[in-house]
Amino acid sequence: MDYGFLKIQQQGAITILMISAPKSLNALNSTILKELEHFVAHIDSSTRVLIITGDGEKSFVAGADISEMVNLNEQQGCDFGKLGARVFRAIETLPIPVIAAVNGFALGGGCELAMACDIRIASVKAKFGQPEVGLGIIPGFSGTYRLPKLIGQGYAKEMIYTGKVIRSDEALRIGLVNAIYPPEELMPKAIEMAQAMLAKAPVAIGLAKQSIGEGYDLDADEAIGLENLLFGKCFATHDQKEGMTAFLEKRDADFRGE
Ligand code: CO8
């Protein structure tokens with residue numbers, strides 16, 4: 001599939017996916033969402049870390065495309081929300097780490113996209129918000145679900161009910177992002193983090209992601225049971241034997257991802 005709105009760059013096992021709709025500050029229309037859906041479903045098997053960012057210096061993603069939503073009826077609104085939610089869930093459940101490098105506005109669907117990623121780092125220029133109630137809608141790409149999980153209900157409700165837009169330092173303070181950097185350092189820092197992950201055992205990272213992602217919504221006994229199952233699976237891998245043998249032999253491990 002040729003992508004009209006996605007720019008993809010491969011750097012070894014790191015893939016950088018840039019959302020590119022400059023005329024609308026990278027707002028997500030249904031074509032972009034379908035391109036994203038296709039990209040995620042067909043992601044190159046050599047990719048071990050995915051970094052998502054926005055094209056240009058101003059915006060990560062300025063939300064869902066308001067011009068496409070303005071005349072939707074109830075059923076169409078529901079369908080559009082389902083499409084976005086499905087795509088973001090597919091990103092969230094990829095078996096590899098996904099880092100959002102938030103380079104500018106992350107509003108509405110843009111904040112929701114960032115939240116579907118495993119880790120968010122941001123430019124000091126980034127701004128975050130769920131301004132939907134100012135448009136007469138609620139966050140519809142799973143923001144009412146993920147924002148309270150990430151930052152707690154109290155502040156999530158304040159952000160969603162007031163539609164306030166917060167700066168990157170506030171996003172850092174409330175734990176919405178892990179770190180903030182000057183704009184020119186954002187992508188190098190994202191790549192540095194990705195490289196730290198590449199040095200580790202890929203299957204173990206995937207299983208840790210599964211344990212965190214699936215365990216979070218389970219009760220304690222089920223979550224701990226799931227972790228135990230996945231922990232056991234590690235011992236069926238080459239990389240567990242290699243990682244532990246390398247430690248005991250005082251050398252670097254040579255992980256194979258199996
Ligand atoms: N949709 C469509 N076009 C947009 C969007 C958007 N979300 N954001 C910006 N644009 C367009 C502008 O209309 C403008 O177009 P034009 O040049 O043709 O006039 C262009 O991008 C540049 O924008 P501005 O001139 O407004 O740039 P500013 O620097 O003045 O302002 C802002 C930047 C603050 C980001 C401003 O553009 C803005 O407030 N944008 C809207 C942000 C917003 O409300 N986002 C939430 C959208 S709703 C949403 O995401 C819901 C997700 C769930 C959907 C569920 C489906 C049912």
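For ligands, and for the atoms within them, numbers begin at 1 and follow the listed sequence.
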Counting non-hydrogen protein atoms only, what is the nearest one to atom 39 (O) of ligand 1? Give residue, atom name and distance. Leu107 CD1, 4.6 Å
So, Ser211 and Glu227: side-chain donor and acceptor under 3.5 Å apart, yes or no? no
Under-4.0 Å salt bridge between Glu242 and Arg251: yes
Atom 1 (N) of ligand 1 [closest protein heavy-atom partner, distance rounded to 0.1 Å]: Ile66 N, 2.9 Å
among protein heavy atoms, the one nearest atom 51 (C) of ligand 1 is Glu132 OE2, 3.3 Å
Sub-4.0 Å protein heavy atom near atom 26 (O) of ligand 1: no
In plain terms, say whether Glu170 and Arg173 are close enough for a salt bridge, that is, a side-chain N and a carboxylate O under 4.0 Å apart. yes
Just checking, is any N or O donor in the side chain of Glu68 or Ser30 under 3.5 Å from an acceptor N or O on the other one? yes
Are any of the side-chain nitrogens in Glu92 or Arg89 under 4.0 Å away from the carboxylate oxygens of its partner? yes
shortest atom 15 (O) of ligand 1-to-protein heavy-atom contact is with Lys23 O, 3.9 Å
Show me which atoms of ligand 1 lie under 4.0 Å from any heavy atom of Phe80. 56 (C)
Look at atom 36 (C) of ligand 1 and say which protein heavy atom is nearest, naming residue and atom and giving the distance to 0.1 Å. Leu25 CD1, 4.7 Å
Nearest-neighbour protein heavy atom for atom 44 (O) of ligand 1, which is reported as residue plus atom name and distance: Pro131 CG, 3.5 Å
What I want to know is whether Gly108 and ligand 1 share at least one N or O pair that is separated by under 3.5 angstrom. no
When Asp118, Ile96, Ile205, Ile14 are each screened for side-chain contact (heavy atoms from CB on, under 4.5 Å) with Met197, the one that passes is Ile205
Quick one: which of Lys58, Glu68, Glu112, Met69 has a heavy atom closest to atom 28 (P) of ligand 1? Lys58
Would you say Gly63 has any N or O atom under 3.5 Å from an N or O of ligand 1, going by distance alone? no
Number the atoms of ligand 1 from 1 as they appear, then name those within less than 4.0 Å of a heavy atom of Gly140, with their elements. 53 (C), 55 (C)
Any protein heavy-atom neighbour for atom 19 (O) of ligand 1 (distance below 4.0 angstrom)? no
For Lys149, I'd like to know if atom NZ has over 12 heavy atoms of other residues, nucleotides or ligands within 6.0 Å. yes
Examine the side chains of Asp239 and Thr237 and answer whether a donor and an acceptor come within less than 3.5 Å of each other. no
Determine, counting only non-hydrogen atoms of the protein, whether one lies under 4.0 angstrom from atom 23 (O) of ligand 1. yes
Going by the rule salt bridge (Lys or Arg N to Asp or Glu O under 4.0 Å), which residues pair with Lys200 if we only count those two or more places apart in sequence or in a different chain? none
Return the residue, atom name and 0.1 Å-rounded distance of the protein heavy atom closest to atom 9 (C) of ligand 1. Ser24 O, 3.7 Å
Asn103 side chain reached by Lys125 side chain, heavy atoms, under 4.5 Å: no
Below 3.5 angstrom, do we get any N/O pair linking Ala62 and ligand 1? yes
Less than 4.0 angstrom from a charged side-chain N to a carboxylate O is my criterion; do Glu112 and Arg146 meet it? no
For Gly77 and ligand 1, answer yes if some heavy atom of the residue is under 4.0 Å from a ligand atom, otherwise no. yes
Is Ala64 close to ligand 1, meaning an N/O of one under 3.5 Å from an N/O of the other? yes
Is the contact between Leu135 and ligand 1 made by the side chain, the backbone, both, or neither, using heavy atoms and a 4.0 Å cut-off? side chain
Which residues pass the salt bridge (Lys or Arg N to Asp or Glu O under 4.0 Å) test with Glu57, sequence neighbours left out? none
Testing Thr47, Val40, Ile91, Ile8 for side-chain contact (heavy atoms from CB on, under 4.5 Å) with Leu17, which one passes? Ile8
Can you check whether a protein heavy atom sits less than 4.0 angstrom from atom 11 (C) of ligand 1? yes
Please indicate, with yes or no, if any protein heavy atom is found under 4.0 Å from atom 30 (O) of ligand 1? no
So which bit of Phe105 gets within less than 4.0 Å of ligand 1, heavy atoms only: side chain, backbone, both or neither? side chain
